[in-house]
Amino acid sequence: MAFYDIVVVGGGLSGTTAARLLAEKGYKVLIVEEKKHLAGQIYDYKDTAGITVHRYGPHIFHTKIEKVWRFVNRFAEFSNFQHHVLSFANGNLINFPINRNTLNTVFGLQLSNDEVEDFLKQEVEKSTFNNPPQSFRDVVVSQVGEHLYRLFFEHYTQKQWACNPEDLSPALAGRIPVRTNNDSRYFTDKYQGLPINGYTAMINNMIAHENIAVLLGIDYLSIKEELNPQLIVYTGELDRFFGYQYGKLTYRSVKLHFQTLDQEQFQVAPVVNYPNDYDYTRITEFKQMTGEKSPKTTICYEYPSAEGLPFYTMPNQENDRLRERYMQEVKILEDNKTHLFIGRLAEYKYYNMDSAIDSAMNRVEQWLQKR
Ligand code: UDP
């Protein structure tokens with residue numbers, strides 16, 4: 001095998017970001033990817049109806065981090081798509097995350113922005129929860145009360161994580177804001193959109209560098225002995241790297257069921273969540289995100305699952321503790337400057353795309369400075 005200074009294990013967003021940054025500093029980088037394609041979980045492609053779909057579920061790019069936004073814009077032009085979600089509850093399609101409209105629909109009220117806070121306070125006062133909050137449930141109930149918690153969060157969360165929301169970390173609730181106005185966007189970051197030519201094209205542009213080579217369909221562990229790089233950037237599962245020596249971390253997967261329908265539009269929002277009905281959590285209609293025109297439409301149902309590719313880290317105390325043990329091993333390797341562990345799987349963090357890139361940028365920068 002040719003000589004490489006650096007081996008990046010995994011060709012997803014974190015791995016390709018690190019590869020690009022290191023290649024630009026003159027290092028010869030080899031990316032080894034187990035799947036037959038790059039881009040990891042953000043892989044997208046045009047289906048037979050000519051609609052760009054996300055094979056591993058919907059990904060909407062959003063960030064408030066300037067340097068991350070500048071970085072991705074070097075490799076893709078972004079649309080200004082603003083994501084909207086409706087939640088199907090009580091037989092209605094209702095704004096989600098909770099905003100003023102949500103309250104007015106659920107409770108049949110006509111609250112003004114100024115009245116929302118007091119209304120939610122009353123809902124919370126009627127409710128029981130641990131204070132300070134110790135779980136996902138406690139945080140949500142402390143913000144909106146038990147009624148709204150039950151309607152929008154409890155069952156969705158049970159479906160998504162197959163556990164009691166009281167056993168999930170409080171931090172998970174930080175992903176979902178509560179709004180007192182009528183802003184119905186899912187994200188309010190300054191920058192938001194989709195790469196117009198897709199995420200796969202963005203990743204292909206990222207790795208198009210003379211110092212980057214790619215091996216697809218190869219498990220890094222199977223060729224490890226043939227490589228002798230000065231740095232390994234590992235983006236796979238944290239516990240797997242260490243041979244599960246402290247035990248297995250839990251990952252959550254999703255079974256995606258795609259359907260192309262002979263109709264122009266299927267639903268009234270790009271994503272509709274189903275907290276209380278059916279086995280799936282949500283349905284995505286891709287053309288509403290990409291703006292593509294077609295007489296057909298492609299939708300995707302998400303069925304959370306314990307089996308399958310690792311999509312999510314599981315936010316609970318047991319995994320947090322196990323993670324800490326593995327991170328002590330990581331620290332030894334990183335202090336030796338021989339390894340970097342980056343990304344959702346290797347850092348075992350529920351990263352959004354922008355925080356994965358941010359982490360990769362920061363970690364690579366630190367490694368370069370230490371050398
Ligand atoms: N969630 C919920 N109801 C919803 C949407 C989300 O209870 O309608 C909870 C659920 O526990 C979920 C978490 O909030 O796992 C984070 O949701 P997000 O939309 O950020 O999940 P992702 O898009 O990463 O799957």
Side-chain angles (χ1 to χ4, degrees), residues 1-25 27-43 56 199-200 203-204 206-209 211-246 248-249 251 253 308-313 323 326-349 351 353 355-368 370-371:
M1 192 163 306
F3 175 79
Y4 297 98
D5 302 302
I6 295 169
V7 172
V8 174
V9 184
L13 183 58
S14 300
T16 51
T17 297
R20 178 70 192 208
L21 295 170
L22 291 160
E24 286 176 354
K25 294 290 177 188
Y27 294 96
K28 296 260 177 238
V29 183
L30 174 68
I31 299 174
V32 185
E33 167 57 54
E34 202 174 358
K35 291 198 186 93
K36 295 250 166 63
H37 63 75
L38 286 174
Q41 311 292 71
I42 64 171
Y43 178 79
Y56 304 99
Y199 289 105
T200 308
I203 296 295
N204 284 335
M206 223 183 255
I207 56 120
H209 190 284
N211 288 339
I212 299 181
V214 177
L215 277 181
L216 291 180
I218 301 218
D219 179 359
Y220 155 74
L221 292 179
S222 72
I223 57 162
K224 193 175 154 202
E225 308 308 328
E226 294 171 53
L227 302 162
N228 191 21
Q230 52 179 301
L231 173 68
I232 290 167
V233 178
Y234 181 78
T235 71
E237 290 119 287
L238 175 61
D239 51 355
R240 182 166 183 233
F241 184 91
F242 294 103
Y244 308 101
Q245 70 183 85
Y246 298 128
K248 284 197 165 187
L249 289 159
Y251 302 88
S253 192
L309 290 171
F311 282 45
Y312 294 95
T313 58
R323 173 186 187 273
Y326 282 117
M327 290 317 273
Q328 283 166 17
E329 300 294 333
V330 165
K331 187 168 183 314
I332 295 168
L333 295 174
E334 291 195 341
D335 285 349
N336 285 339
K337 303 191 265 294
T338 55
H339 290 73
L340 280 179
F341 287 71
I342 54 173
R344 199 185 255 210
L345 300 179
E347 294 181 63
Y348 199 79
K349 278 196 177 171
Y351 276 149
M353 287 183 279
S355 34
I357 294 174
D358 189 38
S359 170
M361 292 179 97
N362 294 337
R363 312 294 300 294
V364 165
E365 189 55 42
Q366 283 159 12
W367 183 82
L368 290 166
K370 276 201 252 163
R371 289 192 64 79

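A salt bridge is defined here as a Lys NZ or Arg NE, NH1 or NH2 lying under 4.0 Å from an Asp or Glu carboxylate O, and Lys25 with Asp5 fails to meet this definition.
The minimum heavy-atom distance linking Arg363 with Phe341 is given by the pair NH1-O, 3.0 Å. Arg20 approaches Met206 most closely through the heavy-atom pair CD-O, 2.8 Å. When all heavy atoms of Phe3 and Lys28 are compared, the pair lying nearest together is O-CB, 4.3 Å. Residues Gly11 and Ile203 come closest through the heavy atom pair O-CG2, 4.4 Å. In terms of heavy atoms, Leu38 sits closest to Tyr43 at O-CD1, 3.5 Å.
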Chi angles and distances behind the side-chain contact (heavy atoms from CB on, under 4.5 Å) call for Glu334, Met327: CA-CA 10 Å; Glu334 291 195 341; Met327 290 317 273; over 6 Å; no

Could you walk me through whether Phe241 and Val9 pass the side-chain contact (heavy atoms from CB on, under 4.5 Å) test, one step at a time? CA-CA 11 Å; Phe241 184 91; Val9 184; over 6 Å; no

Kindly determine whether Val330 and Tyr348 satisfy side-chain contact (heavy atoms from CB on, under 4.5 Å), including the steps that lead there. CA-CA 12 Å; Val330 165; Tyr348 199 79; over 6 Å; no

Show your working on side-chain contact (heavy atoms from CB on, under 4.5 Å) between His37 and Thr200 and close with a plain yes or no. CA-CA 9 Å; His37 63 75; Thr200 308; over 6 Å; no

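Checked by atom type and distance alone, the side chain of Glu33 never pairs as donor or acceptor with a backbone atom of Val214 at under 3.5 Å. With Ser253 contributing its side chain and Leu309 its backbone, the two residues share a donor-acceptor pair below 3.5 Å. The backbone N or O of Thr235 sits nowhere less than 3.5 Å from a side-chain atom of Arg344 that would complete a donor-acceptor pair.
Summarising the geometry, atom CD belonging to Glu34 is positioned 13.0 Å from atom OH belonging to Tyr220; distances are rounded to the nearest 0.5 Å. In this structure, CD1 in Ile207 is found 6.0 Å from CD1 in Ile31, a value given to the nearest 0.5 Å. Between the OG1 atom of Thr16 and the CG atom of Leu21 there is a distance of 9.5 Å, given to the nearest 0.5 Å. With rounding to the nearest 0.5 angstrom, the NZ atom of Lys349 is 9.0 Å from the OG atom of Ser355. Atom OH of Tyr244 sits about 10.5 Å away from atom CG of Leu238, to the nearest 0.5 Å. Between the CZ atom of Arg323 and the CG atom of Leu249 there is a distance of 9.5 Å, given to the nearest 0.5 Å.
You'll find the side chain of Gln41 reaches within 4.5 Å of the side chain of Phe311, heavy atoms only. You'll find the side chain of Tyr234 stays beyond 4.5 Å of the side chain of Leu333, heavy atoms only. Tyr351 places none of its side-chain heavy atoms less than 4.5 Å from the side chain of Leu13.
The number of heavy-atom neighbours closer than 6.0 Å to CG of Asn228, taken from other residues, nucleotides and ligands shown, is 12 or below. Applying the 6.0 Å contact sphere to NZ of Lys370 captures more than 12 heavy atoms from other residues, nucleotides or ligands.
Listed by chain and residue number, Glu237, Tyr251, Pro310 satisfy the side-chain contact (heavy atoms from CB on, under 4.5 Å) test with Leu345 (two or more places apart in sequence, or in another chain). Among residues two or more places apart in sequence or in another chain, the side-chain contact (heavy atoms from CB on, under 4.5 Å) test is passed with Gln245 by Phe242, Tyr326, Glu329. In this structure Ala360 satisfies the side-chain contact (heavy atoms from CB on, under 4.5 Å) test together with Thr17, Ile342, sequence neighbours excluded.
With respect to Leu231, the side chain to side chain contact (heavy atoms under 4.5 Å, CB included) criterion is satisfied by exactly one of Thr338, Val29, Leu340, Val7: Leu340.
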